[in-house]
Protein chains: 2
Amino acid sequence: MDIKPTESELEILQVIWKMGQCTVRDVHEELTKTKDAGYTTTLKLMQIMHDKGLVERDTTAKTHLYKALFSQEQAQSNALNKILSTVFKGSTSDLVIQALGQHRASADEIDAIKNFLNQFDQHKK
Amino acid sequence: MDIKPTESELEILQVIWKMGQCTVRDVHEELTKTKDAGYTTTLKLMQIMHDKGLVERDTTAKTHLYKALFSQEQAQSNALNKILSTVFKGSTSDLVIQALGQHRASADEIDAIKNFLNQFDQHKK
DNA sequence: TTGGATATACGAAATCTATCGTAGATATTT
DNA sequence: AAATATCTACGATAGATTTCGTATATCCAA
């Protein structure tokens, strides 16, 4: 079972993850804040996502309700693995350092990461 | 100018980055170590990459020489930005923690990251 | 209850991606 | 020089992705 949403599908999934459960119109209105798209385009994409098993839907009411069938964490893991193998030669530390280098992390964020690293150390020992 | 190599193009770019400069055959032999592909398929892809401006080539000799027109670092930056916005809600620290959490980093790698973080701290202060 | 708004279903077109066969040019080997 | 190998160019196809128009069903309001 391979989870590999397309670009457009990921845009839609972001909305679904944020709302937990939503209608085609919910998604469409969110999408049209940042880009142009016809309503039936969004609908069609969501139907395809359902065919692919990326989402489930409740069709009891006239207006269907969609939910994601996998978590954002799983998508994150997939995305990381993919770019690790395609552009980071498999080096996690390269990736982390690049990420920290180009996006100013806040002090809080840095602390969070440090804590994480320390805890990680202890587990290893 | 938008750098957005496809999946197959990235496989090829990896070889070009590693070798610095190479022929279609170089790339093809490297690719066939891990997957099946006809020679003309690789050739065509590299021609398309040239059309798109992803690579340049020296055609003085019969066998052309290809070079990348952007660095692996740029590709890394692009890839990071993309997944940051599509699956990490823009949170670099989420990304870093996920990356560290799922791929056991070696002690050396962890040290490298810690050093990086410390140096980063000082710059901020 | 009739018209307008809103929903889904479906089909089809446009584009992008990946793959490969064939043709023709150029080099290499015998 | 002839046969063989290697290279690029080109065209075509298959499949995936994205987009949207039209048809049809359902709800709601005047």
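Proteins get letters first, then strands, A, B, ... in listed order; numbering begins at 1 in each. Just so you know, these numbers come straight off a predicted model, no measurement behind them.
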Within the pair A/Tyr39 and C/dT8, is there a side-chain N or O less than 4.0 Å away from OP1 or OP2?
yes
Whole angstroms only, please: what is the NE2-C1' distance between A/His64 and D/dC27?
14 Å
Students often get this wrong, so: under 4.0 angstrom with heavy atoms, is A/Lys4 touching a base, only sugar-phosphate, or nothing?
nothing
Counting only side-chain N and O atoms of A/Thr40, is one of them less than 4.0 Å from OP1 or OP2 of D/dC20?
no
Quick one: does A/Gln47's side chain get under 4.5 Å of A/His50's, heavy atoms only?
no
Has B/Ser8 got a side-chain N or O lying under 4.0 Å from the OP1 or OP2 atom of C/dA18?
yes
Hey, does B/Ile48 reach any base, or is it just sugar-phosphate, or nothing, if we go heavy atoms under 4.0 Å?
nothing
Mind checking if B/Thr6 touches a base, just sugar-phosphate, or nothing, with heavy atoms under 4.0 Å?
sugar-phosphate
Watson-Crick and G-U pairing of DNA chain C, under 3.5 Å, as dot-bracket with | and [ ]
||||||||||||||||||||||||||||||
Take the protein atom CD of A/Glu7 and the nucleotide atom P of D/dT17, then report the distance between them rounded to whole Å.
11 Å
For the pair made of CE in B/Met46 and C1' in D/dT8, what is the distance, rounded to whole Å?
12 Å
Between B/Gln47 and D/dT8, is there a contact of a side-chain N or O with OP1 or OP2 at under 4.0 Å?
no
Give the minimum heavy-atom separation between A/Leu69 and A/Gly53, together with the two atoms involved.
CD1-O, 3.4 Å
State whether B/Arg57 places a side-chain N or O below 4.0 Å from either non-bridging phosphate oxygen (OP1 or OP2) of D/dC7.
no
Please report the distance, rounded to the nearest Å, between CG in A/Asp51 and C1' in C/dT8.
13 Å
Between P on C/dA27 and CZ on B/Arg25, what's the gap in Å once rounded to a whole number?
16 Å
Heavy-atom pair with the smallest gap, counting every atom of B/Ser77 and A/Gln102
OG-NE2, 2.9 Å
What is the separation between atom OH on B/Tyr66 and atom C1' on D/dC7, rounded to the nearest whole Å?
10 Å
Between CG of A/Leu31 and CG of A/Asp36, what distance do you get to the nearest 0.5 Å?
11.0 Å
Inter-residue atom distance B/Ile12.CD1 - B/Met46.CE, 0.5 Å rounding:
6.0 Å
Indicate, with a heavy-atom threshold strictly under 4.0 Å, whether A/Thr63 touches base, sugar-phosphate, or nothing.
sugar-phosphate
Under 3.5 Å: donor-acceptor pair, side chain of B/Thr6, backbone of B/Glu9
yes
Exceeds 12 heavy-atom contacts within 6.0 angstrom, atom NZ of A/Lys52:
yes
Length of the NZ-P vector between A/Lys62 and D/dT24, whole Å
17 Å
Figure out the NE2/C1' separation between A/His28 and C/dA7, and round it to whole Å.
13 Å
Starting at the 5' end of DNA chain C, which residue's closest nucleotide do you reach first, B/Lys44 or A/Leu65?
A/Leu65
Residues in side-chain hydrogen bond (donor to acceptor under 3.5 Å, both in side chains) contact with A/Lys33, at least two apart in sequence or another chain
A/Glu30
